[in-house]
Amino acid sequence: AAACSPFGDREFVAGSALAAAYHPRSGSLFLADPAAGELLKLSGDGATRAGVGISLPARPVLRVHAGLLFMNSPDGPAISVLRPEDHAIGQQLDEVLLLPPEAVAAEQTRVADFLWVGENWWVTLYNPDTLDSGLYRFDEQWNYLARAPLAGGTRPDQLVAWGDRVLVREDRQATLQRFGPGGAVEKPFVSAPLAEMMQQQQQ
């Protein structure tokens with residue numbers, strides 16, 4: 001049977017909302033540890049190559065794209081663009097404000113998740129007081145394109161890339177909303193293994 005073993009030379013606080021991003025070209029793994037306030041870079045064998053103290057959101061999200069490191073900002077509706085090199089890890093190159101008119105009107109001032117799929121950035125913005133959420137698309141230069149119509153009352157927990165589609169996962173829901181290229185609403189994706197696991201947990 002398959003077994004799990006520790007990866008890396010660091011220990012982390014149990015329950016900490018770690019974020020990870022893998023760099024396919026270098027084999028490096030980036031980790032954001034909000035409990036320690038650190039951004040780390042690990043080699044493929046788990047050795048720490050670099051690290052820096054940095055201001056992190058409570059639930060950080062890291063993405064690698066076009067040779068740069070992207071992270072949701074702890075301070076507002078923004079994405080931080082960071083350097084990934086060992087000698088300059090975490091140095092900020094840019095801060096991209098995300099201000100779709102619908103998000104501004106709904107006071108959705110925090111980034112919950114984001115990812116690059118189908119030649120677009122997809123971003124979930126939410127209101128920290130009401131948890132009202134919206135899903136928005138941007139081009140590669142972060143120019144706003146359109147809002148993707150989530151089902152009413154949706155509070156997304158995670159965006160998942162599925163080919164050139166985006167799946168929206170919501171806690172305690174086995175059915176995932178699905179969007180195609182250009183933001184078109186498609187037939188929801190139903191995960192039988194997820195539904196079975198949730199049923200077992202409820203029992």
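Remember, predicted model here, so these are calculated numbers, not experimental data.
Side chain of Ser26 to backbone of Ser28: a donor-acceptor contact under 3.5 angstrom is found. Under a 3.5 Å cut-off, the side chain of Asn120 and the backbone N or O of Trp122 do not form any donor-acceptor pair. At distances below 3.5 Å, not a single donor-acceptor pair connects side-chain atoms of Glu170 with backbone N or O atoms of Asp157. A donor-acceptor pair under 3.5 Å is formed between the side chain of Asn127 and the backbone N or O of Ala106.
Residue pairs meeting the ring pair (Phe, Tyr, Trp, His ring centres under 6.0 Å) criterion with at least one partner in residues 38-64, sequence neighbours excluded, do not occur; the list is empty.
In this structure, the side chains of Glu119 and Pro181 stay at 4.5 Å or more apart for every pair of heavy atoms. Counting heavy atoms from C-beta on, the side chains of His65 and Glu140 come closer than 4.5 Å. Between Pro188 and Leu176, the closest side-chain pair of non-hydrogen atoms is not below 4.5 Å. Annotation: side chain of Asp139 is in contact with side chain of Leu145 (closest heavy-atom distance under 4.5 Å).
Every residue two or more places apart in sequence or in another chain that forms a salt bridge (Lys or Arg N to Asp or Glu O under 4.0 Å) with Arg63 is listed here: Asp113. Partners of Arg165 under the salt bridge (Lys or Arg N to Asp or Glu O under 4.0 Å) rule, at least two apart in sequence or in another chain, are Glu186. Residues passing the salt bridge (Lys or Arg N to Asp or Glu O under 4.0 Å) test with Arg147: none are found, sequence neighbours excluded.
Hydrophobic clustering, with ILVMFWY side chains joined whenever heavy atoms are under 4.5 angstrom apart, keeps Leu167 apart from Leu115. Taking hydrophobic clusters as Ile, Leu, Val, Met, Phe, Trp and Tyr residues chained together by side-chain heavy-atom distances below 4.5 Å, Leu150 shares a cluster with Val185.
Pairing each heavy atom of Glu95 with each of Ala78, the nearest pair is OE2-CB, 3.6 Å. When all heavy atoms of Pro74 and Arg110 are compared, the closest pair comes out as O-NE, 4.1 Å.
The other members of the hydrophobic cluster of Tyr136, by chain and number, are Val61, Leu68, Phe70, Ile79, Val81, Leu93, Val96, Leu98, Val111, Phe114, Trp116, Trp121, Val123, Leu125, Phe138, Trp142, Tyr144 (side-chain heavy atoms under 4.5 Å, ILVMFWY only). Cluster note: Leu56 groups with Phe30, Leu39, Val52, Ile54, Leu62, Val64, Leu69, Met71, Leu82, Ile89 through ILVMFWY side-chain heavy atoms spaced under 4.5 Å, whether in direct contact or through intervening members.
Here CZ of Arg155 is found 14.0 Å from OG1 of Thr124. Values are rounded to the nearest 0.5 Å. Taken from CG in Asp75 to OG in Ser55, the straight-line distance is 5.5 Å, to the nearest 0.5 Å. Here the straight-line distance linking atom CG of Leu31 with atom CG of Leu29 works out to 4.5 Å at 0.5 Å rounding.
Neither side chain, Thr130 nor Asp132, offers a donor N or O lying under 3.5 Å from an acceptor on the other. A donor-acceptor contact closer than 3.5 angstrom is absent between the side chains of Gln108 and Ser133.
Crowding of Gln158 atom CD: a count of heavy atoms from other residues, nucleotides or ligands under 6.0 Å exceeding 12.
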task = Kindly determine whether His23 and Lys41 satisfy side-chain contact (heavy atoms from CB on, under 4.5 Å), including the steps that lead there.
result = CA-CA 10 Å; His23 196 300; Lys41 183 178 182 180; over 6 Å; no
